[in-house]
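Right, one structure below, let's go through it.
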Amino acid sequence: MTVPRSHPRYESLRIREMVSAGFLSGAVALEGVMAHGRGEAFDYILGEETLLTAKAAIRAAAATLLLSSHPVISVNGNVAALCSKEVVNLSLTSNSKIEVNLFYDSIQRRRIIIGMLYRAGAKEVLGLERHSMIKGLESARRMVSHGIAQADTVVVPLEDGDRTQALINAGKKVITIDLNPLSRTARTASITIVDNITRALPILSDYCKEMKGYHTEQLAEIAEFDNMANLKECVRLIKERLDEYIDA
Ligand code: ATP
């Protein structure tokens with residue numbers, strides 16, 4: 001069903017349609033469809049807008065990316081279904097590599113997602129061949145390409161807690177985008193952007209563009225970020241919204 005543009009929930013329904021199209025094309029796993037539902041629920045509570053807490057995290061993330069020597073954007077099926085073009089754009093504005101890494105991995109899904117990213121304009125997508133290992137992870141998930149293996153900063157949107165922890169243990173800075181401020185990923189990452197990836201990625205690219213000419217000291221100051229304090233403020237804002245509802 002195509003949702004009319006005049007529908008009040010057009011944007012969230014449009015995003016939902018992109019996830020279902022991704023599922024039908026084989027890029028998104030069934031579990032990814034469910035994970036999207038969890039994100040949607042939090043987005044609903046957040047008012048489907050980018051909060052000031054998210055903007056602060058995005059700014060710190062942009063500075064961190066610009067200060068990094070080997071930044072990499074890790075892409076899964078949901079990310080590709082929702083934001084292939086925005087991922088490619090961010091890779092250009094932040095000079096990052098793109099690598100496909102999947103929780104529910106198969107060579108076929110990897111190929112489908114890599115194809116989507118090339119069609120979106122990517123010049124190089126890593127992840128088809130994986131010869132390196134991330135310690136502390138079970139089975140196939142520990143295998144990565146040289147991009148993530150050598151990265152000093154990894155952007156891992158819509159990620160699970162174990163992988164985030166493993167990347168942190170490997171000494172990497174981890175930037176995540178996760179609508180759930182309570183998730184293990186949100187609490188483990190170096191910088192957590194609590195926002196819908198569809199809204200957050202374009203803002204992140206814009207900040208990277210804007211800050212490109214900044215001095216290293218200036219970037220280092222902006223990259224200084226208290227993730228836990230930001231998450232607590234985000235949860236406080238959610239509580240405020242719920243309290244307003246109860247008091248109304
Ligand atoms: P964790 O292990 O970190 O506690 P989890 O089990 O809650 O993670 P996963 O299914 O591994 O969740 O990861 C998906 C995460 O991505 C969820 O926290 C969900 O809220 C979030 N998410 C889903 N869709 C979006 C979206 N469009 N934008 C941002 N975040 C999203």
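In listed order, ligands and their atoms are each counted from 1.
Criterion: ILVMFWY side-chain heavy atoms under 4.5 Å apart, direct or through other members. Under it, Met228 and Leu179 are part of a common hydrophobic cluster.
A salt bridge between Arg241 and Glu49 is present, with a side-chain N of the basic residue lying under 4.0 Å from a carboxylate O of the acidic one.
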Mind listing the N or O contacts between ligand 1 and protein, cut-off under 3.5 Å?
| residue | atom | partner | partner atom | Å |
| --- | --- | --- | --- | --- |
| ligand 1 | 2 (O) | Gly161 | N | 2.8 |
| ligand 1 | 2 (O) | Arg184 | NH2 | 3.0 |
| ligand 1 | 3 (O) | Gly161 | N | 3.3 |
| ligand 1 | 3 (O) | Arg184 | N | 3.4 |
| ligand 1 | 3 (O) | Thr185 | N | 2.8 |
| ligand 1 | 3 (O) | Thr185 | OG1 | 2.6 |
| ligand 1 | 4 (O) | Arg184 | N | 3.0 |
| ligand 1 | 13 (O) | Glu159 | O | 3.4 |
| ligand 1 | 18 (O) | Asp178 | OD1 | 2.8 |
| ligand 1 | 18 (O) | Asp178 | OD2 | 3.2 |
| ligand 1 | 20 (O) | Asp178 | OD1 | 3.4 |
| ligand 1 | 27 (N) | Asn196 | OD1 | 3.0 |
| ligand 1 | 28 (N) | Ile197 | N | 3.0 |
| ligand 1 | 30 (N) | Leu179 | N | 3.1 |

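In terms of heavy-atom proximity, Ile203 sits nearest to Arg199 at CG1-O, 3.3 Å.
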Quick one: side chains of residues 95-103, donor-acceptor pairs under 3.5 Å with protein atoms, not counting sequence neighbours, listed by atom name and distance.
| residue | atom | partner | partner atom | Å |
| --- | --- | --- | --- | --- |
| Ser96 | OG | Ser94 | OG | 2.7 |
| Glu99 | OE1 | Gly147 | N | 3.4 |
| Glu99 | OE1 | Ile148 | N | 2.8 |
| Glu99 | OE2 | Ser145 | N | 2.7 |
| Asn101 | OD1 | Arg163 | NE | 3.2 |
| Asn101 | OD1 | Arg163 | NH2 | 3.3 |

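Inspection of the Asp178 and Ser183 side chains reveals an N or O donor paired with an N or O acceptor under 3.5 Å.
In terms of modelled atom types and a separation under 3.5 Å, the side chain of Thr176 and the main chain of Thr185 share no donor-acceptor contact.
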